Structures are given as structure tokens and as C-alpha cells.
2 protein chains.
Amino acid sequence: MTRKPLTKPRKTASQERSRATVDALVEATARILVKEGFDKASTNHIAEVAGVSVGSLYQYFPTKEALVAAVVERHQQEITQTVRGELADVLAQPVEKAVRMLVEVAVRAHRVDPRLHRVVAEQLPRVGELEKLATFNRENFTLFRAYLENHRDELRVDDLELASFVCVTTIEALTHNAVLHHAKAMPDERMDKLIDEATRLVTRYLLG
Amino acid sequence: MTRKPLTKPRKTASQERSRATVDALVEATARILVKEGFDKASTNHIAEVAGVSVGSLYQYFPTKEALVAAVVERHQQEITQTVRGELADVLAQPVEKAVRMLVEVAVRAHRVDPRLHRVVAEQLPRVGELEKLATFNRENFTLFRAYLENHRDELRVDDLELASFVCVTTIEALTHNAVLHHAKAMPDERMDKLIDEATRLVTRYLLG
DNA sequence: CAAGAATATGAGCGATTATTCGCTTTCGGT
DNA sequence: ACCGAAAGCGAATAATCGCTCATATTCTTG
């Protein structure tokens, strides 16, 4: 006597088979986003590529938005795992070393899945469910600000709020552009040089 | 005996009346993009807001994309006019002054129509036709690179290609984020301070 | 193996979209 | 005043979209 229409809520997969279906859907969505772009990511097409029917899609994802959100979330978890722990060590380091570590971490984060990262940054409509990106960035900002406060006496800047904004924005933009827009002209050796330059840029700004 | 179907090519408006129609269409598109977002910018809706029929729209714009491209082009021309000439003076200035001028110009450019600029940057990348933005940015890059070559002996950087990338990316990201994402927390006084900081950041990087 | 629960199916609904075209209205030159 | 060209109109079309639901298949459990 399951009265309610089956497609309303998102079911949690309990059997092995359905877990595979969910995985196939998320994976297919990611593949389509990367290879064909957001516009081509229709629910029918996703289901087809996943080797699954549209009906099944709506058993586990109440809306297309939820499916896209799942892809973003999976990607962010992969980044978080890649970078796990490294940020905790930064607090204890002197300024130059800390900045260098942050730059390196940023590069690694952007390299987890550059093509997917690019789609997430450039193509996904800025709707509600992916505010986790903003939250993620705000955490970076807060963390860096805390670091600056801890090392306030070594610094040549007085407005720590503004300095945090400057540093975080700069590091993010440099790594983002380098990895996602200049990948061809950026072999590993050149990328190392960019890391040096970014480190020098931010360090000299902070220390004078 | 005008055989050709009227809607295929983009007609060039010759009478006063039709020029007004074209203007109304571009203006309505910009308004909708800013107030309702790209998703709500359907051709029917645009025509309605412009006080014009869909048919008329397709007399002057062969496709919806062309209409959006016209909006972007108009916006870029407004920026170019606002900033006209200022860039030419930069070449003769010493490094610190030159950097400061570039930062100030970047801020002014972003302030021409911040809300439209934000839509162009964040929502339109989903479509193709905005390669003019890339060209625009590449011109900035080339210009800055030329400046660095002219002042090579004053600089503490050896790889001018890389240094240009670092400086242009940094200035663009800082001004973009400040104007478009932190506008509320950025009164004019605070924006002046940001200009100071950005100038110091880039100048110290270049001069040591 | 029986039977209910879980999972899968896909044709099709309703809404929206970009674009078309036969037609009417207005303009400019004579 | 007249006529061809320019400009304007909007119902109609065909495609696509997100999503539903009645039905079929497969699993699990006793």
C-alpha cells in the first residue's frame, strides 16, 4: 500500500543494484558536463548515457538540479581528500613557507579534475544548491585570516581583512587561470616557476 | 517581388523607426539579463519587454545568440570609451605610477555597468559567441607585456611572459572581485585602499 | 517457492523554446 | 495622391525539456 507517487522524494538506495544505478547516473552526468557541456545535459540524455531509464533517475534524484549538485559534491569531496590535512600544517609555518604551501595546495586542488572544475566554474547556473562552493571559498578566506592574525607582528599590513581578500583572491585567480586556461602552455617545469612567482608576489606583499 | 524569406539575414536598419526598434531590443535584452538572468531571456519575452513583436526581432537579429552578442559588444564599447586614451599614457610612466593607473582603469572599467558585467562574466560563458572577451583580455596582456619590455632594466623579473600573466591576472581578479562580489562592503574609501594595496602588491613584485 | 518490497522501464504529458511566414501598416519619393 | 519598399505583426510550428506514472522485472526473506 505505497500510496504516494513514487517519484516525489529521493530514495536512498538500499540494494547493491540501485547503488550502481546512482553511481552510473552521477558518473554519466559528470562525463556529459565535461564532454558536451551543461546545455546537453538533459535528464533523458543523462539516463541514456548511464544505461538507465529516466524513471530510475527520478527515483533517486528529485530534480535535475539535485543530480548536478551531487556531481559538484562528489568533485569537492575528491578535492578535500586530495588536500586533506595539508591546510592544518600551515598555521605553524613562517610566512613564506605558509604562502608557498597554500599556492601548492591550490594548484593540486585545481588539478584534481581540471575539465570538470572548469565546467563547474564557468557553465553551471548559479542556483541555490551549489552554494557549497561559496561556503568552501569562505572557509579558505577565514582560515587565511586566522593565519594572518596569528602572525600579525611579522606583517607589514595593518588591515588584515583587506589583506586576506587580496591574498586569497590572488592565489585563487593565478592557479585557476594557470591550470584551466593555460594548461597547454604550462608544462610542469613552467608551473613550478609560476608557483615560485605567486609565492614571491604574495610574500613580498605581506612582509615588505 | 522580394523573393527571399525575410527572416533569414540580419537586415541593416535604414529608417529612423527601425533603428529605434533595434535599440529597444538591445536595451530590453540587457535589462532582462541584469534583472531576470539569462534563463529568462527568451526571444518572445525580450520582444514583449521591448514593445515589439518577435517577427521584428528576427528582422534584425538572425538568432538569439546574435542579439546577446550585440549586448556584449555594446557594453564593451562603453567600457572602451570610458577608458579611452588612458592606456596610451601608461607607456611613458614609471613602474609604480603605471601600475596604479592600470589598477584604477580596471576599477573604472568594472564600474561602467557592474550588474551587466557580472551577467556577462558569470552567465554567458555557457554560450559560444563571447570570444571577443578573450580577445579583449589578450589585448590587455599584450599591452602590458610591451610595457614590461620597455622597462626591462628597471625590473627584478626575468621571464616577462610569466610576469605579465601574473600581473594581468592579479589586477583583473582583484578589481573584478572587489567591484562585483564585495560591492556592499566596499564604500569608496575602502575601494581607494584596495587600489593602494593592489598597486603595492604588483609594484613590489615587479621592482623588488 | 511464494509474495511483497525494491528497482527498473519508457511512452507520453504539459510547458517552453527559437524560429517562420503570410499578412498588414507605415514610410519616402514622385 | 499613389506605389513600391521598409518595417512590423503574431499565430503557428516543430523541437526539446523536465518530469510522471502505470506497469514490468528483480530481489529478499521466510
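Below, each value reflects all heavy atoms present in this structure, side chains not excepted, and no hydrogens, waters or symmetry copies. Residue numbers begin at 1 in each chain, while the letters A, B, ... track the order of the sequences. Just so it is clear, the structure is predicted and the values come from calculations on it, not from any experiment.
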Contact list (N/O, under 3.5 angstrom) for nucleotides 15-18 of chain D vs protein:
unit_1  : atom_1 : unit_2   : atom_2 : d
dG18(D) : OP1    : Lys64(A) : NZ     : 2.6
dG18(D) : OP2    : Thr43(A) : N      : 2.8
dG18(D) : OP2    : Thr43(A) : OG1    : 3.3

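- In this structure, His110(B) and His117(B) have perpendicular ring planes: the angle between them is above 60°, well past the 30° mark.
- Look at CZ on Arg19(A): it is 11 Å from P on dA8(C), rounded to the nearest Å.
- The base of dA8(C) is paired with the side chain of Gln59(A) by a donor and an acceptor separated by under 3.5 Å.
- A close approach under 4.0 Å does occur between a side-chain nitrogen or oxygen of Ser18(B) and OP1 or OP2 of dA7(D).
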How would nucleotides 25-30 of chain D be written as a contact map, 5' to 3', with B for base contact, S for sugar-phosphate-only contact and - for no contact, using protein heavy atoms under 4.0 Å? -SSS--

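- With dT19(C), dG10(C), dC9(D) as the choices, the nucleotide that has an atom nearest any side-chain atom of Val54(B) turns out to be dT19(C).
- dT20(D) atom P lies 15 Å from atom CZ of Phe61(A), rounded to whole Å.
- In this structure, Ser53(B) reaches the dC9(D) phosphate: one of its side-chain N or O atoms is under 4.0 Å from OP1 or OP2.
- Here the C1' atom of nucleotide dT17(C) and the CG atom of Leu67(B) are 15 Å apart, to the nearest Å.
- Listed candidates were dT20(D), dG10(D), dA8(C). Nearest to the side chain of Thr21(A) is dA8(C).
- Atom CG of Leu57(B) and atom P of dT19(C) are 9 Å apart (whole Å).
- Side-chain polar atoms of His151(A) and Gln93(A) form no donor-acceptor pair below 3.5 angstrom.
- Met186(B) CE to Phe165(A) CZ: the interatomic distance, rounded to the nearest 0.5 Å, is 5.0 Å.
- An OP1 or OP2 oxygen of dT9(C) is reached within less than 4.0 angstrom by a side-chain nitrogen or oxygen of Ser56(A).
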